[in-house]
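First up is the structure itself, then whatever we jot down about it.
If you read the sequence from its start, that first residue is 1, and numbering goes on from there.
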Amino acid sequence: MAVTYLSAMSLLPIITLPDPLLRTRSAPIERVDDALRRLADDMLETMYDAPGIGLAAVQVAVPRRLLVIDIADKETEPPSPIVMINPEIVKLGDALAPYEEGCLSIPDVRVEIERPSSLTVHFLDRDGREQQLTADGLLATAIQHEMDHLDGRLIIDFMSRLKRDIVVRRFKKQARLETGA
Ligand code: K2U
Ligand code: ZN
């Protein structure tokens with residue numbers, strides 16, 4: 001039945017280190033159409049399944065400037081999904097706050113990162129409408145983490161060079177073992 005088919009979403013594979021695509025600068029989106037909305041919905045389903053509170057399109061191998069976020073606590077709150085198309089941070093607060101960040105594309109690695117604790121971001125929503133959002137706390141951290149993905153920046157870039165090289169070597173070795181190379 002066409003309606004069922006259209007409404008069914010799909011889980012997308014999340015790419016991981018050392019996939020070079022993660023280092024791409026994602027391209028702006030020209031058209032907000034049904035195909036893009038379908039990708040955003042598939043990204044949300046993939047994020048909830050991971051589970052995660054954010055996901056950038058490049059993490060599902062689509063290097064376009066699209067991200068999804070939902071920081072609602074699923075134990076106590078209803079979902080509160082946010083879709084951001086061509087997001088731009090227009091203001092960053094002066095106060096910094098540390099957070100021990102993980103990344104769905106770099107499993108089992110945690111990095112304590114200090115980021116501005118508040119920001120204002122401009123973006124297009126899933127209907128292509130201009131939006132402005134002021135965020136603080138975990139939402140501000142998540143927006144900055146996902147925006148980093150759109151510019152090919154990863155949490156390991158906040159590590160010392162030595163620790164980053166150790167992590168990258170470990171993921172490259174794991175990838176070789178998996179492909180039997
Ligand atoms: O983009 C991603 O890899 C998903 C990230 C997003 C994120 C990381 C750190 C801080 C905020 C957002 C996470 O892996 S989602 C997993 C998660 C769940 C609860 C709290 C923090 C991170
Ligand atoms: Zn990430």
Show me the donor-acceptor pairs within less than 3.5 Å that the side chains of residues 95-102 make with the rest of the protein, sequence neighbours left out.
{"unit_1": "Glu101", "atom_1": "OE1", "unit_2": "Arg115", "atom_2": "NH2", "d": "3.0"}
{"unit_1": "Glu101", "atom_1": "OE1", "unit_2": "His145", "atom_2": "ND1", "d": "2.9"}
{"unit_1": "Glu101", "atom_1": "OE2", "unit_2": "Arg115", "atom_2": "NE", "d": "2.6"}

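- Counting heavy atoms of neighbouring residues, nucleotides and ligands inside a 6.0 Å radius, atom CD of Glu112 exceeds 12 of them.
- Tested against Leu139 for a side-chain contact (heavy atoms from CB on, under 4.5 Å), the candidates Val121, Ile53, Leu133 yield a single pass: Leu133.
- Cluster annotation: Met47 is connected to Leu39 through the hydrophobic network of ILVMFWY side chains, with a link wherever side-chain heavy atoms come within less than 4.5 Å.
- Clustering ILVMFWY residues whenever any of their side-chain heavy atoms sit less than 4.5 angstrom apart, transitively, puts Val167 in the very cluster that holds Val111.
- Listed by chain and residue number, nothing satisfies the salt bridge (charged side-chain N to carboxylate O under 4.0 Å, His left out) test with Asp19 (two or more places apart in sequence, or in another chain).
- The two residues Cys103 and Gln59 have their closest heavy-atom pair at SG-NE2, 4.0 Å.
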Which pairs of donor and acceptor atoms, one on a side chain in residues 66-87, lie under 3.5 Å apart (sequence neighbours left out)?
{"unit_1": "Asp70", "atom_1": "OD1", "unit_2": "Ala72", "atom_2": "N", "d": "2.9"}
{"unit_1": "Asp70", "atom_1": "OD1", "unit_2": "Ser80", "atom_2": "N", "d": "3.2"}
{"unit_1": "Asp70", "atom_1": "OD2", "unit_2": "Tyr48", "atom_2": "OH", "d": "2.5"}
{"unit_1": "Asp70", "atom_1": "OD2", "unit_2": "Ser80", "atom_2": "N", "d": "2.8"}
{"unit_1": "Asp73", "atom_1": "OD1", "unit_2": "Glu75", "atom_2": "N", "d": "2.8"}
{"unit_1": "Glu77", "atom_1": "OE1", "unit_2": "Asp73", "atom_2": "N", "d": "2.5"}
{"unit_1": "Asn86", "atom_1": "OD1", "unit_2": "Ile29", "atom_2": "N", "d": "2.8"}
{"unit_1": "Asn86", "atom_1": "ND2", "unit_2": "Ile29", "atom_2": "O", "d": "2.9"}

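- Clustering ILVMFWY residues whenever any of their side-chain heavy atoms sit less than 4.5 angstrom apart, transitively, puts Ile106 in the very cluster that holds Leu22.
- Closest non-hydrogen pair, Ala175 versus Pro18, comes out as CB-CD, 3.9 Å.
- When the side-chain contact (heavy atoms from CB on, under 4.5 Å) test is applied to Leu92, the partners found at least two apart in sequence or on another chain are Ile89, Pro116, Leu119, Gln144.
- Here the CZ-CG distance, from Arg37 to Asp42, works out to 13.5 Å after rounding to the nearest 0.5 Å.
- Panel note: side chain Arg64, backbone Ser26; no donor-acceptor pair is recorded below 3.5 Å.
- Within the structure, ring-ring contact (aromatic ring centres under 6.0 Å, His included) contacts touching residues 121-143 (residues at least two apart or in different chains) do not occur.
- Scanning for salt bridge (charged side-chain N to carboxylate O under 4.0 Å, His left out) contacts around Arg169 gives an empty result, with sequence neighbours left out.
- Scanning for side-chain hydrogen bond (donor to acceptor under 3.5 Å, both in side chains) contacts around Gln131 gives Asp125, with sequence neighbours left out.
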Asp49 vs Glu45, test: side chain to side chain contact (heavy atoms under 4.5 Å, CB included). Steps then yes/no. CA-CA 6 Å; Asp49 177 74; Glu45 189 189 7; 5.5 Å; no
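- Here the straight-line distance linking atom CG of Leu44 with atom CZ of Arg126 works out to 7.5 Å at 0.5 Å rounding.
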Take Val109 and Arg170 through the test side chain to side chain contact (heavy atoms under 4.5 Å, CB included) and record every step on the way to the result. CA-CA 11 Å; Val109 171; Arg170 173 155 57 93; 3.9 Å; yes
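- Here Leu177 contributes atom CG and Lys172 contributes atom NZ; the two are 14.5 Å apart, rounded to the nearest 0.5 Å.
- Rounded to the nearest 0.5 angstrom, Met43 CE and Ser10 OG are separated by 12.5 Å.
- Residues Gly128 and Val32 come closest through the heavy atom pair N-CG1, 3.7 Å.
- A salt bridge does not link Asp41 with Arg38: every distance from a Lys NZ or Arg NE/NH1/NH2 to an Asp or Glu carboxylate oxygen is 4.0 Å or more.
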Side chains of residues 153-164: which donor-acceptor partners sit under 3.5 Å, not counting sequence neighbours?
{"unit_1": "Arg153", "atom_1": "NH1", "unit_2": "Asp148", "atom_2": "OD1", "d": "2.5"}
{"unit_1": "Asp157", "atom_1": "OD1", "unit_2": "Arg23", "atom_2": "NH1", "d": "3.3"}
{"unit_1": "Asp157", "atom_1": "OD1", "unit_2": "Arg23", "atom_2": "NH2", "d": "2.7"}
{"unit_1": "Asp157", "atom_1": "OD2", "unit_2": "Arg23", "atom_2": "NH1", "d": "2.7"}
{"unit_1": "Asp157", "atom_1": "OD2", "unit_2": "Leu154", "atom_2": "N", "d": "2.9"}
{"unit_1": "Ser160", "atom_1": "OG", "unit_2": "Lys163", "atom_2": "N", "d": "3.1"}
{"unit_1": "Arg161", "atom_1": "NE", "unit_2": "Asp165", "atom_2": "OD1", "d": "3.4"}
{"unit_1": "Arg161", "atom_1": "NE", "unit_2": "Asp165", "atom_2": "OD2", "d": "3.1"}

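- Under the rule for a side-chain contact (heavy atoms from CB on, under 4.5 Å), the partners of Lys91 that lie at least two apart in sequence or sit in another chain are Thr120.
- Under the 4.5 Å side-chain heavy-atom criterion for Ile, Leu, Val, Met, Phe, Trp and Tyr, Leu104 and Phe171 are members of distinct hydrophobic clusters.
- Ser105 places a side-chain N or O within 3.5 Å of a backbone atom of Ile15 that can act as its donor or acceptor partner.
- For Asp33, the side-chain contact (heavy atoms from CB on, under 4.5 Å) partners two or more places apart in sequence, or in a different chain, are Arg31, Ala35, Leu36.
- Counting heavy-atom neighbours within 6.0 Å of Glu130 CD, excluding the residue itself, gives a total of 12 or less.
- Thr24 pairs by the side-chain contact (heavy atoms from CB on, under 4.5 Å) definition with Leu21, Pro63, not counting sequence neighbours.
- Placement of Val168 and Ile113 within a single hydrophobic cluster is found when ILVMFWY residues are connected by side-chain heavy-atom separations under 4.5 Å, directly or transitively.
- With sequence neighbours excluded, the residues satisfying salt bridge (charged side-chain N to carboxylate O under 4.0 Å, His left out) with Asp127 are Arg129.
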